[in-house]
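Let me begin by presenting the structure, written as structure tokens, before commenting on it.
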Amino acid sequence: MKLEVLVVPVSDVDRAKAFYEMLGFRMDIDYVGEEGFRVVQLTPPGSECAVIIGSGITDAAPGSQQNLHLVVKDIVQARDELIGKGAQVGEIFHDAGGIFHHVGGKDRVAGPQPERADYGSFAEFEDPDGNGWVLQEIRVRAPGR
């Protein structure tokens with residue numbers, strides 16, 4: 001099995017499409033159907049998994065998707081590039097215990113993971129609806145990945 005698409009709920013399809021394209025996501029399809037149905041598929045640079053935004057595609061509340069991870073080789077460079085494109089990316093952080101995914105900001109420590117260990121440094125940003133994205137630095141994947 002291979003994860004192919006994630007649905008990201010948005011309130012304004014054109015605004016969200018412009019945001020993701022601004023970040024460098026490739027627009028794969030923009031299909032407009034009847035009665036306001038619309039599907040826009042965008043793929044992050046270097047990814048095989050795409051996101052779908054649109055209208056009439058989900059009952060999820062706009063902004064309700066959280067912790068969508070974008071893996072990057074250099075978190076400092078990726079953060080700077082996204083900021084340069086107009087995204088409001090938070091400061092880089094790592095987890096005091098080494099494992100991120102705590103609710104809220106619990107156990108967050110400012111700055112990259114001291115040894116820049118893979119899977120250890122993060123930065124966050126949101127789309128215009130508040131869907132939350134996490135940059136995660138991974139230079140060498142764990143075996144089997």
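Any value given below was found using the heavy atoms of this structure, including those in side chains, with hydrogens, waters and symmetry copies removed.
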Under 4.5 Å between side-chain heavy atoms, counting indirect links through other Ile/Leu/Val/Met/Phe/Trp/Tyr residues: same cluster for [X] and [Y] or not?
X   : Y    : value
F25 : V8   : yes
Y20 : V134 : no
V10 : V5   : no
L42 : L70  : yes
V39 : V7   : yes

Could you tell me whether the side chain of [Y] reaches within less than 4.5 Å of the side chain of [X], counting heavy atoms only?
X    : Y    : answer
I53  : R15  : no
R116 : V76  : yes
F125 : I83  : no
F122 : R108 : no
L135 : L82  : yes
F37  : S55  : no
V89  : E81  : no
R141 : Y119 : yes

Provide the closest heavy-atom pair for [X] versus [Y] in the form atom of the first, atom of the second, distance.
X    : Y   : answer
P9   : A60 : CB-O, 3.5 Å
G120 : H94 : O-CB, 3.1 Å
A87  : L23 : CB-CD2, 3.7 Å
P44  : C49 : CD-O, 3.3 Å
P45  : G24 : CG-O, 3.4 Å

If you count heavy atoms of other groups shown closer than 6.0 angstrom to NZ of K85, is the number above 12?
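Yes, because the 6.0 Å sphere around NZ of K85 holds more than 12 heavy atoms from other groups.
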
Measuring from atom CE of M1 to atom CG of L3, what distance do you get when rounded to the nearest 0.5 angstrom?
11.5 Å

Nearest-0.5 Å distance, CD of residue Q136 to CG of residue D118:
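Output value for this atom pair is 9.0 Å.
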
Return yes if some donor-acceptor pair links the side-chain N/O of [X] with the main-chain N/O of [Y] below 3.5 Å, else return no.
X    : Y    : value
D129 : N131 : no
Q66  : G63  : yes
Q88  : E126 : no
R79  : G90  : yes

Checking D28, D12, D30 against K17 for salt bridge (charged side-chain N to carboxylate O under 4.0 Å, His left out), the one that qualifies is D30

Under the salt bridge (Lys or Arg N to Asp or Glu O under 4.0 Å) rule, what do E137 and R139 come out as? Steps first, then yes or no, please.
CA-CA 7 Å; E137 184 175 74; R139 293 182 175 139; 3.6 Å; yes

Under the side-chain contact (heavy atoms from CB on, under 4.5 Å) rule, what do T43 and E48 come out as? Steps first, then yes or no, please.
CA-CA 7 Å; T43 302; E48 293 185 32; over 6 Å; no

